[in-house]
Amino acid sequence: QVQLVESGGGLVQAGGSLRLSCAASERTFSNYGSGWFRQAPGKEREFVATINWSGGATYYADSVKGRFTISRDNAKNTVYLQMNSLKPEDTAVYYCAASKLSGIVLNTLYYAYWGQGTQVTVSS
């Protein structure tokens with residue numbers, strides 16, 4: 001059972017930056033594709049970004065492409081989400097997830113493990 005713990009959320013002004021971290025409890029995490037999702041109040045959880053097991057492949061939602069960067073450090077069992085040029089519409093709870101598949105994974109159905117979420121609030 002892989003446990004995921006997110007950190008790095010907070011309150012930031014529009015145009016600012018935050019870096020989210022997702023630390024995994026098991027070394028098997030390095031074999032899994034990982035992703036970030038977000039959920040705003042009253043909305044469904046949506047895909048943000050995904051990365052394959054090695055970090056060599058990534059994919060982003062159109063809404064964050066060019067502003068967010070997903071990366072991973074398998075030596076630290078950690079996945080990151082660097083968020084730049086933040087907008088008020090980026091406000092949400094951000095969740096880290098790990099799939100037992102090794103590639104990039106967009107669909108929530110294929111993610112076996114989820115973190116508890118971290119709040120990101122962007123003020124205008």
Side-chain angles (χ1 to χ4, degrees):
Q1 184 78 6
V2 177
Q3 294 184 339
L4 304 175
V5 178
E6 302 99 333
S7 61
L11 173 64
V12 64
Q13 289 188 332
S17 299
L18 284 174
R19 188 176 82 153
L20 305 183
S21 298
C22 172
S25 61
E26 303 291 332
R27 288 204 56 82
T28 51
F29 177 75
S30 64
N31 298 324
Y32 299 157
S34 299
W36 287 95
F37 293 77
R38 66 186 182 186
Q39 188 166 18
K43 295 187 177 182
E44 294 187 352
R45 190 170 299 188
E46 65 173 358
F47 165 78
V48 175
T50 179
I51 189 167
N52 76 330
W53 71 276
S54 69
T58 59
Y59 189 84
Y60 299 90
D62 287 343
S63 58
V64 306
K65 198 173 296 181
R67 299 188 298 123
F68 291 10
T69 302
I70 188 171
S71 62
R72 69 189 301 157
D73 185 341
N74 284 340
K76 296 182 178 180
N77 290 341
T78 302
V79 171
Y80 304 97
L81 184 68
Q82 177 66 45
M83 305 185 294
N84 298 330
S85 302
L86 283 161
K87 305 175 181 179
E89 51 263 45
D90 294 319
T91 295
V93 177
Y94 283 70
Y95 298 90
C96 172
S99 169
K100 291 187 177 180
L101 303 176
S102 60
I104 57 173
V105 182
L106 278 69
N107 195 312
T108 58
L109 294 176
Y110 296 103
Y111 282 93
Y113 309 106
W114 291 85
Q116 81 289 349
T118 185
Q119 177 70 47
V120 171
T121 303
V122 184
S123 63
S124 57

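If you're wondering where the values come from, they're calculated on a predicted model, not measured in any experiment.
Among residues at least two apart or in separate chains, there is no disulfide bond (SG atoms under 2.5 Å apart) pair with a member in residues 41-70. The ring pair (Phe, Tyr, Trp, His ring centres under 6.0 Å) analysis of residues 60-85, with sequence neighbours excluded, yields no pairs. A salt bridge (Lys or Arg N to Asp or Glu O under 4.0 Å) check over residues 88-111, counting only residues at least two apart or in different chains, returns the pairs R38-D90, R67-D90. Pairs engaging residues 24-69 under the disulfide bond (SG atoms under 2.5 Å apart) rule: none recorded [sequence neighbours left out]. Sequence neighbours left out, the pairs with a member in residues 89-124 that pass disulfide bond (SG atoms under 2.5 Å apart) are C22-C96.
Listed by chain and number, the residues in a side chain to side chain contact (heavy atoms under 4.5 Å, CB included) with A40 are K43, A92 (sequence neighbours excluded). Among residues two or more places apart in sequence or in another chain, the salt bridge (charged side-chain N to carboxylate O under 4.0 Å, His left out) test is passed with K65 by D62. Applying the ring pair (Phe, Tyr, Trp, His ring centres under 6.0 Å) criterion to F47, with sequence neighbours excluded, gives F37. With sequence neighbours left out, the side chain to side chain contact (heavy atoms under 4.5 Å, CB included) criterion links V93 to Y95, Q119. Evaluation of the side chain to side chain contact (heavy atoms under 4.5 Å, CB included) rule for N107 yields L109, Y110 as partners, not counting sequence neighbours. With sequence neighbours left out, R19 forms a salt bridge (charged side-chain N to carboxylate O under 4.0 Å, His left out) with no residue at all.
Counting heavy atoms from C-beta on, the side chains of W114 and R45 come closer than 4.5 Å.
Considering every non-hydrogen atom in both S17 and Q82, the closest pair reads CB-NE2, 4.0 Å. Of all heavy-atom pairs between E6 and G117, the closest is OE1-N, 2.9 Å. The two atoms that bring A24 and F29 nearest to each other are CB-CG, 3.3 Å, heavy atoms only.
Annotation: Q116, atom CD; neighbour count of heavy atoms from other residues, nucleotides and ligands within 6.0 Å is above 12.
Grouping the Ile, Leu, Val, Met, Phe, Trp and Tyr side chains by contacts below 4.5 angstrom, directly or via other members, places Y59 apart from V64. Note: the hydrophobic cluster containing V120 also contains I70 (ILVMFWY, side chain heavy atoms under 4.5 Å, direct or indirect links). Residue L20 is grouped with residue Y113 when hydrophobic side chains (ILVMFWY) are merged at heavy-atom distances under 4.5 angstrom, including chains of intermediate members.
Judged by distance alone, the side chain of T118 and the main-chain N or O of G9 form a donor-acceptor pair under 3.5 Å.
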Anything under 3.5 Å between a donor and an acceptor, one on a side chain of residues 48-56, the other on a protein residue two or more places apart or in another chain? List them.
unit_1, atom_1, unit_2, atom_2, d
T50, OG1, S34, O, 2.9
T50, OG1, V105, N, 3.0
T50, OG1, V105, O, 3.3
T50, OG1, Y111, OH, 3.2
N52, OD1, G55, N, 3.0
N52, OD1, G56, N, 2.9
N52, OD1, A57, N, 3.0
N52, ND2, S54, OG, 3.3
S54, OG, G56, N, 3.2

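Distance check: S124 OG to K87 NZ gives 14.0 Å after rounding to the nearest 0.5 Å.
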